[in-house]
Amino acid sequence: MHFIRVIIIDDSAFMRKVLTDMLHSDDRIEVVGTARNGEDGLKKVKELRPDVVTLDIQMPIMDGITTLKELMNLYPVPVVMLSSATNDSTKQTVQAISSGAVDFIEKPSGPISLDIESMKQDIIQKVVMASRITFPVGERSKNNRMTVSKLEAFSTNYKKNIVAIGTSTGGPRALQQIIAHLPATINAPILVVQHMPAGFTKSLAIRLDQSSALKVKEAIHGEVIVNGTVYIAPGNLHMKLKVVGATTSIVLTKEAVVNGHRPAVDTLFHSLAEIESVNKLAIILTGMGSDGTNGIKKLKETDENTMVIAESEETAIVHGMPKAAVRTNLVNQELPLLEISRLITKLV
């Protein structure tokens with residue numbers, strides 16, 4: 001049996017012990033080493049060549065962000081970050097997962113005994129998922145080009161356009177690559193559901209805004225959507241659309257989780273399906289699971305001219321959500337990230 005070999009890099013001896021015990025509770029995983037800072041961690045990674053690294057953000061001598069950059073340059077390996085929900089840590093976490101880390105785990109914020117079990121299942125799942133990723137991830141094929149006949153399927157019957165994007169694991173990096181290549185003059189609002197806890201989505205919106213010609217912001221309940229703006233669903237809130245007179249506005253709700261998620265892509269897509277007299281472009285990017293699949297079915301059921309795009313396997317860090325979308329036989333085109341940017345620009 002091949003074990004998933006993990007190195008834990010964390011300055012807290014207590015967290016190193018907790019994480020080791022958590023991961024060793026799963027018979028697929030073996031912790032082959034631990035390190036108390038990034039400098040020590042790089043030596044251990046070079047020596048032991050693990051399948052996955054867990055990496056704390058706040059550390060002395062060499063912090064997590066610096067360590068991540070060194071890892072990506074010298075020994076590319078799937079990395080799962082450990083982060084607290086403080087303002088500085090959320091910014092650094094979003095920076096990390098936009099710069100090469102696969103995913104992140106929130107450290108317990110309250111009495112640790114109450115959070116251990118949920119954290120245990122979370123980190124095991126994410127380490128196992130990370131071990132299946134081949135690094136470095138990149139747009140390997142440069143020959144993919146959009147098929148004109150496929151693009152003609154996009155409805156241009158109406159003056160208004162709406163773009164809706166759903167993503168999970170690997171999403172921040174994918175979103176950065178797409179949104180940074182879109183022009184400020186785009187004739188559509190863009191709504192994004194990224195699976196993330198509360199607090200982290202605001203940092204994501206700020207980071208994307210800094211690297212984009214478009215305005216990128218965390219969505220606010222009741223605001224009217226306008227062209228040239230990207231709206232990120234806040235963590236722990238579903239995002240829906242509602243027509244009010246001649247305008248379309250955002251509704252944020254704390255309704256029950258959908259397929260384990262809040263916000264959920266399905267929730268956004270279902271509400272978009274109810275909007276009439278608008279050209280719709282729905283996009284599924286990298287992520288675990290199948291969120292968005294039911295929403296695609298609803299979109300096509302109510303308007304067969306809805307254009308549905310799935311990120312292709314060559315650039316998806318985790319191909320689960322796009323693969324589930326493709327299995328519906330309702331996806332118009334599978335494309336790598338940069339082609340998705342070009343497609344959005346061409347269509348709207």
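We're numbering straight along the sequence, starting at 1.
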(request) Only counting residues at least two apart or in another chain, list the ones meeting salt bridge (charged side-chain N to carboxylate O under 4.0 Å, His left out) with E223. (result) K217

(request) Enter the distance from L175:CG to L204:CG here, rounded to the nearest 0.5 Å. (result) 6.5 Å

(request) Measure the shortest side-chain to side-chain distance between L337 and E311 over non-hydrogen atoms and say whether it is less than 4.5 angstrom. (result) yes

(request) Specify the closest pair of heavy atoms between V80 and A130, including all atoms of both residues, with the distance to one decimal. (result) CG2-CB, 4.1 Å

(message) Please find the pair of heavy atoms, one from L252 and one from H221, that lie closest to each other, and give the distance.
(response) N-ND1, 3.0 Å

(message) With heavy-atom distances below 4.5 Å as the criterion, would you say the side chains of V102 and I97 are in contact?
(response) no

Under 3.5 Å, sequence neighbours excluded: what are the donor-acceptor pairs made by side chains of residues 46-55?
from: R49; atom 1: NE; to: K46; atom 2: O; distance (Å): 3.2
from: D51; atom 1: OD2; to: R5; atom 2: N; distance (Å): 2.8

(request) Report yes if some heavy atom in the side chain of M239 is under 4.5 Å from a heavy atom in the side chain of L191; otherwise report no. (result) yes

(request) Would you indicate whether E39, at its atom CD, is surrounded by more than 12 heavy atoms from other residues, nucleotides or ligands within a distance under 6.0 Å? (result) no

(message) So, taking the atom named CD in Q333 and the one named CD1 in I340, what distance separates them when rounded to the nearest 0.5 Å?
(response) 10.0 Å

(request) Take I190 and T229, measure what side chain to side chain contact (heavy atoms under 4.5 Å, CB included) needs, and give me the verdict at the end. (result) CA-CA 6 Å; I190 300 173; T229 300; over 6 Å; no

(message) Restricting to ring pair (Phe, Tyr, Trp, His ring centres under 6.0 Å), what partner residues turn up for Y231, sequence neighbours left out?
(response) none

(request) Apply side-chain hydrogen bond (donor to acceptor under 3.5 Å, both in side chains) to the pair N332 and K300, showing each step before the final yes or no. (result) CA-CA 11 Å; N332 296 88; K300 286 288 194 177; 3.1 Å; yes

(message) Would you say that more than 12 heavy atoms from the other residues, nucleotides or ligands in this model lie under 6.0 Å from the NZ of K202, or not?
(response) no

Which atom pairs, one a donor and one an acceptor, fall under 3.5 Å between side chains of residues 283-293 and the rest of the protein, sequence neighbours left out?
from: T286; atom 1: OG1; to: T169; atom 2: O; distance (Å): 2.7
from: T286; atom 1: OG1; to: I317; atom 2: N; distance (Å): 3.3
from: T286; atom 1: OG1; to: V318; atom 2: N; distance (Å): 2.9
from: T286; atom 1: OG1; to: V318; atom 2: O; distance (Å): 3.2
from: D291; atom 1: OD1; to: V265; atom 2: N; distance (Å): 3.4
from: D291; atom 1: OD1; to: D266; atom 2: N; distance (Å): 3.1
from: D291; atom 1: OD2; to: H195; atom 2: NE2; distance (Å): 2.7
from: D291; atom 1: OD2; to: V265; atom 2: N; distance (Å): 2.7
from: T293; atom 1: OG1; to: S290; atom 2: O; distance (Å): 3.0

(request) To the nearest 0.5 Å, tell me how far L299 CG sits from E274 CD. (result) 10.0 Å

(request) Decide side chain to side chain contact (heavy atoms under 4.5 Å, CB included) for N279 and V348; before the verdict, give the C-alpha distance in whole Å, the side-chain angles of both, and the deciding distance to 0.1 Å. (result) CA-CA 9 Å; N279 306 315; V348 301; over 6 Å; no

(request) Please step through side chain to side chain contact (heavy atoms under 4.5 Å, CB included) for the pair H270 and N294, ending with a clear verdict. (result) CA-CA 8 Å; H270 272 87; N294 289 333; 4.1 Å; yes

(request) Answer yes or no: is there a donor N or O on one side and an acceptor on the other, between the side chain of N37 and the main chain of I61, under 3.5 Å? (result) no

(request) Identify whether I178 and I206 are in the same connected component of the hydrophobic contact network (ILVMFWY, side-chain heavy atoms under 4.5 Å). (result) no

(message) What's the separation between atom CG in D11 and atom CG in D40, rounded to the nearest 0.5 Å?
(response) 12.0 Å

(message) Is it the case that the side chain of S212 and the backbone of D209 share a donor-acceptor pair, with hydrogens and angles ignored and the cut-off at 3.5 Å?
(response) no

(request) Indicate the atoms forming the closest heavy-atom contact of N187 with N161, along with that distance. (result) O-ND2, 2.9 Å

(message) With a sphere of 6.0 Å drawn around NZ of K44, does it hold more than 12 non-hydrogen atoms of other residues, nucleotides or ligands?
(response) yes

(message) What's the separation between atom CE in M81 and atom CG in L68, rounded to the nearest 0.5 Å?
(response) 5.5 Å

(message) Contact between L237 and K254 at the side-chain level, heavy atoms closer than 4.5 Å - yes or no?
(response) yes

(request) Check the pair I9 / T34 against side chain to side chain contact (heavy atoms under 4.5 Å, CB included), numbers first and verdict last. (result) CA-CA 6 Å; I9 306 175; T34 63; over 6 Å; no

(message) Using only atom types and a distance under 3.5 Å, with no angle test, would you say the side chain of K280 pairs donor to acceptor with the backbone of V163?
(response) no

(request) Any pair with a residue in residues 65-81 that passes side-chain hydrogen bond (donor to acceptor under 3.5 Å, both in side chains), sequence neighbours left out, goes on the list, sorted by first then second residue, please. (result) D63-T66

(message) Looking at every heavy atom in both V331 and A325, which two are closest together, and how far apart are they?
(response) CG2-O, 3.4 Å

(message) Looking at every heavy atom in both I225 and I162, which two are closest together, and how far apart are they?
(response) CD1-CD1, 4.1 Å

(message) I want to check something: taking the side chain as every heavy atom from C-beta on, are V94 and M196 in contact at a cut-off of under 4.5 Å?
(response) yes

(message) I want to check something: taking the side chain as every heavy atom from C-beta on, are I250 and I220 in contact at a cut-off of under 4.5 Å?
(response) no

(message) Please check: side-chain N/O of H181 versus main-chain N/O of Q177, any donor-acceptor pairing under 3.5 Å?
(response) yes

(message) Please check this pair: side chain of D26 against backbone of R28, looking for a donor-acceptor N/O pair closer than 3.5 Å.
(response) yes

(message) Using a strict threshold of under 4.0 Å (side-chain N to carboxylate O), is an ion pair present between K240 and E255?
(response) yes

(request) Indicate the atoms forming the closest heavy-atom contact of P197 with F104, along with that distance. (result) CD-CZ, 3.5 Å

(request) Inspect the contact between R16 and D10 and indicate whether a charged nitrogen and a carboxylate oxygen are less than 4.0 angstrom apart. (result) no

(message) Can you confirm whether Q92 sits close enough to Q58 that some side-chain heavy atom of one is under 4.5 Å from a side-chain heavy atom of the other?
(response) yes

(request) Starting from the C-alpha separation in whole Å, work towards a yes-or-no answer on side-chain hydrogen bond (donor to acceptor under 3.5 Å, both in side chains) for Q95 and R207. (result) CA-CA 8 Å; Q95 180 184 348; R207 182 173 178 82; 4.8 Å; no

(request) Side-chain contact test, heavy atoms from C-beta onward, threshold under 4.5 Å: evaluate it for S271 versus K242 and give yes or no. (result) no

(request) With sequence neighbours excluded, tell me which residues meet ring pair (Phe, Tyr, Trp, His ring centres under 6.0 Å) with H238. (result) none

(message) Taking V224's backbone N and O only, do any of them form a donor-acceptor pair with S249's side chain (distance below 3.5 Å, no angle check)?
(response) no

(message) Given the ring of F200, does K91 sit roughly above its face, with NZ or CZ under 6.0 Å from the centre of the six-membered ring and within 45° of the axis?
(response) no

